[in-house]
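Okay, structure first, notes after.
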Amino acid sequence: MEDNTNTLTQEVKPPDTSKGLVGWLRDNLFSTWYNTILTCLGLVFLFFFFRFFFTWVFTQANWAVIPANLQIHMIGSYPIEQVWRIGIVFCTLLALLGFSAGIWRGMVLKIAIAVASVGLLLLLIPLDVVKAGEDTSATLEFNLNIFYLVFVKRIWLLGGLVLLTASFLLGRDQNTYKRSVIIGWALSFPLTMIVLRGSGQNADLQILMLDSYPTEQIWRIGILLCTLSVLLGLSAAIWRGTVLKIAIAITAVGLLLLLIPLEIIQEVDNASTTLKFNPNIFYLIFFKRIWLLGGLVLLVATYLLGRDKNTYKRSVITGWILSFPLAMIILHGFGDNTDLQILMLESYTTEQVWRIGILLCTLSVLLGLSAAIWRGIVLKIAIAIAAGGLLLLLLPLDIVTEGDNAAKTLKFNFNIINFINLIFLKRIWLLGSLVLFVITFLLGRDKIAGERWVITGWVLSFPLTMIVLREFGKTLSMTTISTAEWGGLLITLILAAVGIIACFPIGVLLALGRRSQLPAIRWVSTVYIETIRGVPLITILFMVDVLLPIFMYGDFQLDTVIRVMVAFTLFSAAYMAENVRGGLQAIPSGQVEAAQAVGLTYSKTMMFIVLPQAIRAVIPAIVGQSIALFKDTSLVFIVGLTELMGIRQRVLANPDWGGLHAEVSIFVAIIYFVFSYSMSIVSQKIEGDLGVGKH
């Protein structure tokens with residue numbers, strides 16, 4: 001019985017249906033009499049054809065034409081000194097192929113192996129193209145110096161294969177790199193077109209980024225870059241999550257821009273500039289890209305410092321709030337240094353500024369004693385003021401006299417001698433105030449002994465100020481960078497950021513106003529929302545540019561950029577209100593009733609119960625509107641501002657680049673895509689963290 005069971009359970013193999021070579025030939029080539037005749041005729045034809053072909057290949061053909069024109073066959077008339085562009089594209093594509101093979105395996109891996117095999121064969125084949133004599137022809141010669149061929153003449157091929165292997169090893173984590181690789185392939189074609197063709201002179205590249213922003217004033221953008229890097233580093237350390245991922249992405253892009261071995265070089269005979277390969281990375285990093293290096297260092301350093309959430313959170317939020325006016329001040333300036341002094345001191349006499357120095361030192365003493373005695377919020381305020389003073393003390397900017405005239409400009413100067421001169425001569429009062437602050441803080445820790453004296457000092461500080469400050473007179477001067485000179489990506493980002501940030505609180509208030517129980521508030525909000533949503537943005541821009549100046553009082557006029565910011569904010573606020581109102585309608589009325597039952601006021605109910613849930617529900621709509629607003633900045637050309645698309649027209653108006661519509665348009669499109677898609681990715685991350693659509 002057991003033997004029968006074993007027999008039944010044995011695996012039964014399928015019958016062998018293979019016919020072998022003879023069977024295949026009989027079924028496919030000699031199955032009938034006419035197939036046999038056709039097969040024989042075909043064999044005779046192939047015999048004579050290949051006999052003639054191989055005779056021509058090995059005895060008659062002149063293959064010297066291939067090595068002699070190998071460069072033309074490979075790259076056509078592409079300049080030989082610009083071949084590094086092709087190398088960069090080649091390495092980039094092999095890196096993407098390696099990541100793809102590591103992620104998706106299967107057919108992609110087989111393709112990558114085939115490409116790597118061919119590349120390895122081309123890398124190691126001991127044949128070299130050598131020029132024949134003084135003419136331009138070349139011949140193919142056998143060369144056993146593989147080291148020279150691999151590490152000198154074929155260095156780009158070697159780099160591409162190394163990147164292919166390394167990216168394959170890195171790309172095996174599918175969840176980490178899959179989306180990035182897809183984006184990389186999507187961007188590979190326009191990137192290839194930009195790298196191989198270029199986008200006009202590099203002067204035009206600067207125009208696209210900064211328009212007519214003066215080159216000698218680029219340090220202003222560098223200071224702004226470092227400031228935003230500090231805020232981003234602290235934010236990433238405090239809030240982690242999506243903010244940290246954004247910071248990492250920005251750091252990666254910054255590191256790529258820092259290390260890319262390309263330099264903008266001015267032509268000797270003309271004012272044009274070209275993009276050339278420069279392997280001197282040390283010179284590029286520490287001289288031409290020092291601001292970018294400083295920004296990255298500050299970002300990493302502040303991330304490491306900002307991990308104590310309770311200490312820095314409020315300060316970082318305040319910093320982001322102040323970042324916009326700080327950016328406006330840094331980029332625009334105050335005009336002449338005279339205007340800077342007027343803003344700070346009105347017409348206070350220059351030779352009498354020591355009076356303000358005395359007052360500054362007096363207040364520093366009082367502040368130091370107060371911080372030591374009362375601690376808490378007073379200490380935090382004192383530390384913030386001291387930090388601001390230390391920043392002003394160490395800021396390497398000096399007011400320098402221009403030529404023979406009396407005008408003065410603000411210039412960046414990091415020379416160590418001038419830096420010492422700034423601190424111990426020009427800023428001696430500020431230095432003294434900081435020293436007095438530290439000393440009095442250390443002396444004021446005995447609360448009982450010093451409290452009364454400090455209170456008395458603060459009471460007397462006002463009359464002391466009135467006594468010290470009493471003379472007025474001369475002024476200085478400083479350089480203005482008019483907003484008419486702003487443009488390119490700079491003005492696009494500023495307008496979009498202001499519109500997106502400023503429209504949110506206004507939109508929330510309008511949404512709440514439209515749901516208000518008070519008829520006046522509800523009607524005003526409704527009329528505003530429907531009116532603004534009933535007209536196109538271009539109409540609003542015309543109104544603020546043409547009509548708004550008519551209603552300005554006297555000679556007071558708002559700057560064009562400010563007026564456009566107001567237009568974007570007011571226009572977007574109406575749409576934001578409807579988005580938020582949709583979220584408010586999705587909140588069950590039972591939540592409001594429950595909040596009222598536990599004694600919460602209307603404001604607290606809205607602030608802590610309703611609005612968080614409503615905004616969470618409409619995050620996709622809010623981000624969609626933000627992306628649309630970012631792209632709508634292209635309309636500001638009608639009021640005379642040259643944003644990114646306006647700069648495109650300006651570049652194409654140049655006779656040297658009049659026909660490069662595709663190249664410049666692709667470059668601009670990539671910029672719009674990168675920023676828009678980045679906002680979309682951030683939205684998806686926020687939705688994932690908040691569980692939108694899941695619970």
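In this chain, residues are counted from 1 in sequence order. Small disclaimer: the values here were computed from a predicted structure and weren't measured.
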Can you give me the closest heavy-atom contact between [X] and [Y], atom names plus distance?
X: N579; Y: V618; answer: O-CG1, 3.3 Å
X: G233; Y: T302; answer: CA-OG1, 3.4 Å
X: G499; Y: F568; answer: CA-CB, 4.5 Å
X: I500; Y: M679; answer: CD1-SD, 4.4 Å
X: P620; Y: S683; answer: CA-OG, 4.3 Å
X: M565; Y: L495; answer: CG-CD2, 3.8 Å

Exercise. Test T526 against E530 for side chain to side chain donor-acceptor pair (under 3.5 Å), laying out the working first.
Key: CA-CA 6 Å; T526 302; E530 296 303 329; over 6 Å; no
Quiz item: Parallel, tilted or perpendicular for F630 and F675, by the 30°/60° rule?
Solution: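 Aromatic pair F630/F675 classed tilted.
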Do the side chains of [Y] and [X] get nearer than 4.5 Å, heavy atoms only?
X: I88; Y: W156; answer: yes
X: S634; Y: Y672; answer: yes
X: M606; Y: L512; answer: yes
X: L570; Y: I540; answer: no

Quiz item: Between F99 and F168, is the gap from one ring center to the other below 6.0 Å?
Solution: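 Distance test on ring centres: not under 6.0 Å, no.
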Spacing of [atom1] belonging to [X] relative to [atom2] belonging to [Y], to within rounding of 0.5 Å:
X: L635; Y: L541; atom1: CG; atom2: CG; value: 6.5 Å
X: L644; Y: K631; atom1: CG; atom2: NZ; value: 14.0 Å
X: L584; Y: Q613; atom1: CG; atom2: CD; value: 10.5 Å
X: L258; Y: T251; atom1: CG; atom2: OG1; value: 11.5 Å
X: R616; Y: I622; atom1: CZ; atom2: CD1; value: 12.5 Å
X: I491; Y: L641; atom1: CD1; atom2: CG; value: 5.5 Å

Exercise. Begin with the C-alpha distance, continue with both residues' side-chain angles, and end with the deciding distance and a verdict on side chain to side chain contact (heavy atoms under 4.5 Å, CB included) for L228 and W320.
Key: CA-CA 8 Å; L228 295 178; W320 281 114; 4.0 Å; yes
Quiz prompt | CA sep, side-chain torsions, deciding dist, call: K245, R240, side chain to side chain contact (heavy atoms under 4.5 Å, CB included) | solution = CA-CA 8 Å; K245 293 178 181 178; R240 305 294 176 91; over 6 Å; no
Check whether [X] reaches the backbone of [Y] with its side chain - one donor and one acceptor, N or O, closer than 3.5 Å.
X: S167; Y: L163; result: yes
X: Y303; Y: L232; result: no
X: R289; Y: Y283; result: no
X: E643; Y: V636; result: no
X: T165; Y: L161; result: yes

Practice problem: Run the salt-bridge test on E578 and R514 with the 4.0 Å N-O cut-off and return the result as yes or no. | Solution: yes
Quiz prompt | Neighbour count above 12 (heavy atom, 6.0 Å) for K110 NZ | solution =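 Open: at most 12 neighbouring heavy atoms sit under 6.0 Å from NZ of K110.
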Self-check item: Working for side chain to side chain contact (heavy atoms under 4.5 Å, CB included), residues W239 and L244
Solution: CA-CA 7 Å; W239 286 285; L244 178 58; over 6 Å; no
Quiz item: Can you name the one residue among L94, L96, I113 that meets side chain to side chain contact (heavy atoms under 4.5 Å, CB included) with L164?
Solution: L94
Self-check item: From CA spacing to verdict: side chain to side chain contact (heavy atoms under 4.5 Å, CB included), Y677, I627
Solution: CA-CA 9 Å; Y677 190 75; I627 294 174; over 6 Å; no
